[in-house]
Amino acid sequence: LAQRNSWGFVATRAARGQIQGMPYGNCLLLSDGPINNSTGIPFFYVTPKDNTVTDLLKNPMASLTLPEADGNFCRKNVIDPEDPRCARLTLTGQMVTVPPEEVEFAKQAMFSRHPVVRKWPRSYEWFFMKMNIEHIWLQSW
């Protein structure tokens, strides 16, 4: 699921305004590496203008849910991705800024799977994050 998904649902603890301390979620593009070099480690191309990133910069703990929405089983059997028979992978851990020695790999990972992100406005101050996975939960019935 980490290899096949191009997006995931990231949950954080809100760090702002009236919802401070409450759960907050957002869908983000991700890549675990170029197609021929999948690592299982999710990389993200993010902007500090995104509320999710604001949350992560204050508290890096997050969960990432990857649904089998694009998987063969659900599609082949015409089953809704929310059906419990469609697998879901939830990774929890710390979201960290990609260190300089890994930035080139992160670029290859994101840009090879999401070429359009190269054209996103530079004024948004994009940077790379990755999840240091601490726990894995797989729902596969």
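Below, all heavy atoms of this structure are taken into account, side chains as well, without hydrogens, waters or symmetry copies. We number each residue from 1, following the sequence as shown. Just so we're clear, the structure is a prediction, and the values are computed from it rather than from any experiment.
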*Asks:* With a 4.5 Å cut-off on side-chain heavy atoms, are P42 and N5 touching?
*Replies:*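 No, side chains not in contact.
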
*Asks:* Between the side chain of H114 and the main-chain N/O of L30, is any donor-acceptor distance below 3.5 Å?
*Replies:*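 Judged by distance alone, yes, a pair lies under 3.5 Å.
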
*Asks:* Would you say L56 and I19 are hydrophobically clustered, going by side-chain heavy atoms of ILVMFWY under 4.5 Å?
*Replies:*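 Per the 4.5 Å side-chain linkage, L56 and I19 are not co-clustered.
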
*Asks:* Once salt bridge (Lys or Arg N to Asp or Glu O under 4.0 Å) is applied, what residue pairs with a partner in residues 111-130 remain, sequence neighbours excluded?
*Replies:*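 Passing the test, one end in residues 111-130: D32-R113, E102-K130.
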
*Asks:* At what distance, to the nearest 0.5 angstrom, does CG of L91 lie from CD1 of I133?
*Replies:*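 Reported to 0.5 Å precision, the distance equals 4.5 Å.
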
*Asks:* Tell me, which pairs form a ring-ring contact (aromatic ring centres under 6.0 Å, His included) where one or both residues lie in residues 22-56, sequence neighbours left out?
*Replies:*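 Residue pairs passing ring-ring contact (aromatic ring centres under 6.0 Å, His included), neighbours aside: F43-F105, Y45-F111, Y45-W126, Y45-F128.
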
*Asks:* Given the rule that I, L, V, M, F, W and Y join up when any side-chain heavy atoms are under 4.5 Å apart, are M131 and L57 in one cluster?
*Replies:*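 They do share one cluster, since a chain of ILVMFWY contacts under 4.5 Å joins M131 to L57.
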
*Asks:* Determine whether L66 and R88 make a side-chain contact, defined as any pair of heavy atoms from C-beta on separated by less than 4.5 Å.
*Replies:*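 Heavy-atom side-chain distance check fails, nothing below 4.5 Å.
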
*Asks:* Using a distance-only test with no angle check, is there a side-chain donor-acceptor pair under 3.5 angstrom linking T52 and T12?
*Replies:*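 No - no donor-acceptor pair under 3.5 Å links their side chains.
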
*Asks:* Side chains of M61 and T92: closer than 4.5 Å at any heavy-atom pair?
*Replies:*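 In short, these two side chains do not touch, never coming nearer than 4.5 Å.
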
*Asks:* Could you give me the CA-CA distance, side-chain angles and deciding distance for R13 and D55, then say whether side chain to side chain contact (heavy atoms under 4.5 Å, CB included) is met?
*Replies:* CA-CA 6 Å; R13 183 179 298 235; D55 296 343; over 6 Å; no

*Asks:* Mind running side chain to side chain donor-acceptor pair (under 3.5 Å) on T65 and T90 for me, showing each step along the way?
*Replies:* CA-CA 4 Å; T65 300; T90 300; 3.3 Å; yes

*Asks:* Are any non-hydrogen side-chain atoms of V96 and M129 less than 4.5 angstrom apart?
*Replies:*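 When only atoms from C-beta onward are counted, M129 and V96 do not touch, as no gap falls below 4.5 Å.
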
*Asks:* State the OG-CD1 distance between S31 and I41, to the nearest 0.5 angstrom.
*Replies:*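 S31 OG to I41 CD1: 11.5 Å, rounded to 0.5 Å.
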
*Asks:* Between S38 (side chain) and I35 (backbone), is there a donor-acceptor pair under 3.5 Å?
*Replies:*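 Pair absent, no side-chain N/O of S38 close to backbone of I35.
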
*Asks:* Please find the pair of heavy atoms, one from A109 and one from G33, that lie closest to each other, and give the distance.
*Replies:*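 For A109 and G33, the tightest heavy-atom pair comes out as CB-CA, 3.5 Å.
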
*Asks:* Rounded to the nearest 0.5 Å, what's the gap from CE on M95 to CG on N59? Could you check?
*Replies:*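 Answer rounded to 0.5 Å: 12.0 Å.
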
*Asks:* Check P34 against S112 and note the closest heavy-atom contact, atom names and distance.
*Replies:*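 Answer, listing the atom of P34 first, then S112: CA-OG, 3.6 Å.
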
*Asks:* Over all heavy atoms of both residues, which pair between V53 and P48 is shortest? Give the atoms and the distance, please.
*Replies:*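 Of all heavy-atom pairs spanning V53 and P48, the closest is CG1-CA, 3.9 Å.
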
*Asks:* Taking atom types as modelled and ignoring hydrogens, do the side chains of N26 and D50 form a donor-acceptor contact shorter than 3.5 angstrom?
*Replies:*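 There is such a pair (donor and acceptor under 3.5 Å, judged by atom type) between the side chains of N26 and D50.
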
*Asks:* Test side chain to side chain contact (heavy atoms under 4.5 Å, CB included) on V117 and L29 and set out the steps.
*Replies:* CA-CA 10 Å; V117 301; L29 293 180; 3.9 Å; yes

*Asks:* Given E134 and Q94, is the side chain to side chain contact (heavy atoms under 4.5 Å, CB included) satisfied, shown in steps?
*Replies:* CA-CA 8 Å; E134 297 177 17; Q94 291 193 36; 3.4 Å; yes

*Asks:* I want to check something: taking the side chain as every heavy atom from C-beta on, are L89 and I136 in contact at a cut-off of under 4.5 Å?
*Replies:*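 In contact.
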
*Asks:* Tell me the closest heavy-atom pair linking F9 and G25, and the distance in Å.
*Replies:*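 Heavy atoms only, the tightest pair is CZ-CA, 3.4 Å.
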
